[in-house]
Protein chains: 2
Amino acid sequence: MPTASDIEQMLREASLRVTRPRLAVLATVHEHPHADTDSIIAAVRAEMIDVSHQAVYDVLRVLTTAGLVRRIQPPGSVARYESRVGDNHHHVVCRGCGMIADVDCAVGDTPCLIASDDHGFDIDEAEVVYLGLCPECQPNARIN
Amino acid sequence: MPTASDIEQMLREASLRVTRPRLAVLATVHEHPHADTDSIIAAVRAEMIDVSHQAVYDVLRVLTTAGLVRRIQPPGSVARYESRVGDNHHHVVCRGCGMIADVDCAVGDTPCLIASDDHGFDIDEAEVVYLGLCPECQPNARIN
DNA sequence: ATCCATTCTTGACTGATTCCAGAAAGGGGG
DNA sequence: CCCCCTTTCTGGAATCAGTCAAGAATGGAT
């Protein structure tokens with residue numbers, strides 16, 4: 001887990017101003033992977049840091065643009081953010097409880113970038129979402 | 001393109017009541033792949049069929065549950081619907097204009113169902129979204 | 001220390017989707 | 001072919017995530 005000064009340095013390296021909301025939000029994303037915006041707001045405020053929800057939305061957009069966090073949008077869920085960037089990894093989403101876990105790509109570094117027919121598109125990224133049941137939800141599903 | 005009676009039969013085979021809104025919505029999804037809800041409402045009304053937007057939302061949910069249409073939610077876009085179901089195919093989304101095209105899976109029928117570490121999840125589906133630029137948007141991107 | 005651009009706050013607003021309750025319509029059994 | 005019950009449709013209001021706008025505050029280069 002990065003320290004407060006690590007976080008600060010990340011901001012500086014991205015040529016971003018270092019402000020209290022940014023430090024708090026970025027630290028929170030590192031502490032709570034896959035958190036949605038509301039959870040992030042709650043977590044930041046729990047640290048006794050007073051921020052408007054607007055500021056959090058702004059900061060998350062800026063951090064995403066700067067590549068410091070990654071925004072993921074699982075089907076049927078609001079936007080979530082994570083700090084793991086730069087490696088091409090994907091996600092499993094539980095159909096039962098919505099839990100999200102990271103998975104590395106089975107094939108290679110740029111795994112699914114090969115579509116059978118790309119229709120002339122210039123493809124630069126592939127988002128993969130696996131859907132299934134987490135270990136905890138599997139027993140419940142069998143009962144029904 | 002399925003005829004009106006094909007559409008009707010699809011509904012019956014799914015044990016769904018045959019109603020005007022359902023016929024119209026299902027036909028529209030066949031005619032306009034990747035349409036969002038608003039476009040579907042507009043297209044249905046253009047056929048002089050008067051439906052409430054609520055009915056369209058209902059019908060789409062019912063058809064999705066019955067497996068007659070598939071709901072897709074590209075990042076940064078509202079929900080869209082398509083009639084191609086049952087085959088495991090994916091989508092390319094253009095970063096420029098938002099256009100969506102179908103792509104078959106490069107690897108096989110159940111392509112990316114193999115995650116390197118599945119965390120104990122029971123995975124039954126993989127959604128893949130390729131992001132890039134469509135042929136039309138590529139020249140514009142180069143200018144910037 | 002000062003100044004300007006950037007960022008934050010407050011509060012209102014949009015747009016997609018859902019909830020609700022009553023009205024209407026499908027279709028299997030008679 | 002008709003009736004009744006269940007499912008579906010209508011219209012309106014509500015919710016929820018996310019965005020817009022204008023003014024106040026703050027970071028950091030000089």
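Naming convention: chains lettered A, B, ... in sequence-line order (proteins, then strands); numbering from 1 in each chain.
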For atom [atom1] of [X] and atom [atom2] of [N], their distance in whole Å:
{"X": "B:L16", "N": "C:dA25", "atom1": "CG", "atom2": "P", "answer": "20 Å"}
{"X": "A:L60", "N": "C:dT7", "atom1": "CG", "atom2": "P", "answer": "14 Å"}
{"X": "B:L23", "N": "C:dG27", "atom1": "CG", "atom2": "P", "answer": "10 Å"}
{"X": "A:R22", "N": "D:dA25", "atom1": "CZ", "atom2": "C1'", "answer": "14 Å"}
{"X": "B:D58", "N": "C:dC19", "atom1": "CG", "atom2": "P", "answer": "10 Å"}
{"X": "A:H53", "N": "C:dT14", "atom1": "NE2", "atom2": "P", "answer": "15 Å"}
{"X": "A:R61", "N": "C:dT6", "atom1": "CZ", "atom2": "C1'", "answer": "14 Å"}
{"X": "B:D36", "N": "C:dA16", "atom1": "CG", "atom2": "P", "answer": "8 Å"}

Proximal nucleotide (of [options]) relative to the [X] side chain:
{"X": "B:V78", "options": "C:dA12, C:dA16, D:dA13", "value": "C:dA16"}
{"X": "B:T19", "options": "D:dT8, C:dC8, D:dT10", "value": "D:dT8"}
{"X": "B:P21", "options": "D:dT19, C:dC8, D:dC9", "value": "D:dC9"}
{"X": "B:R17", "options": "C:dC19, D:dT19, C:dG26", "value": "C:dG26"}
{"X": "B:Q54", "options": "D:dC9, D:dT19, D:dT10", "value": "D:dT10"}

Between [X] and [N], does any side-chain N or O lie under 4.0 Å from OP1 or OP2?
{"X": "B:T37", "N": "C:dT17", "answer": "yes"}
{"X": "A:Y57", "N": "D:dG18", "answer": "yes"}
{"X": "A:R12", "N": "D:dG28", "answer": "yes"}

Test of ring centre spacing under 6.0 Å for A:H30 and A:H32: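 For A:H30 and A:H32, the ring centres are not under 6.0 Å apart.
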Sugar-phosphate only, base, or nothing, as touched by A:V51 at under 4.0 Å among non-hydrogen atoms: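 Counting heavy atoms under 4.0 Å across all strands, the contact made by A:V51 is with sugar-phosphate only.
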Sugar-phosphate, base or nothing in reach of A:V18, heavy atoms under 4.0 Å: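 The answer is sugar-phosphate, as A:V18 gets under 4.0 Å only of primed atoms, P, OP1 or OP2.
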A:E136, CD atom: more than 12 neighbouring heavy atoms under 6.0 Å: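 No, the 6.0 Å shell around CD holds no more than 12 heavy atoms from other groups.
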Side-chain ion pair, A:E82 and A:R71, N-O less than 4.0 Å: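 A:R71 and A:E82: not salt-bridged.
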A:D50/A:R20 salt bridge by N-O under 4.0 Å criterion: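 Answer for the salt bridge query: no.
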Along DNA chain C (nearest heavy atom to each residue), the more 5'-positioned of B:R20 and B:A79: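 So the residue in question is B:A79.
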Any donor-acceptor N/O pair, B:E125 side chain to A:V129 backbone, under 3.5 Å: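 A pair under 3.5 Å: no.
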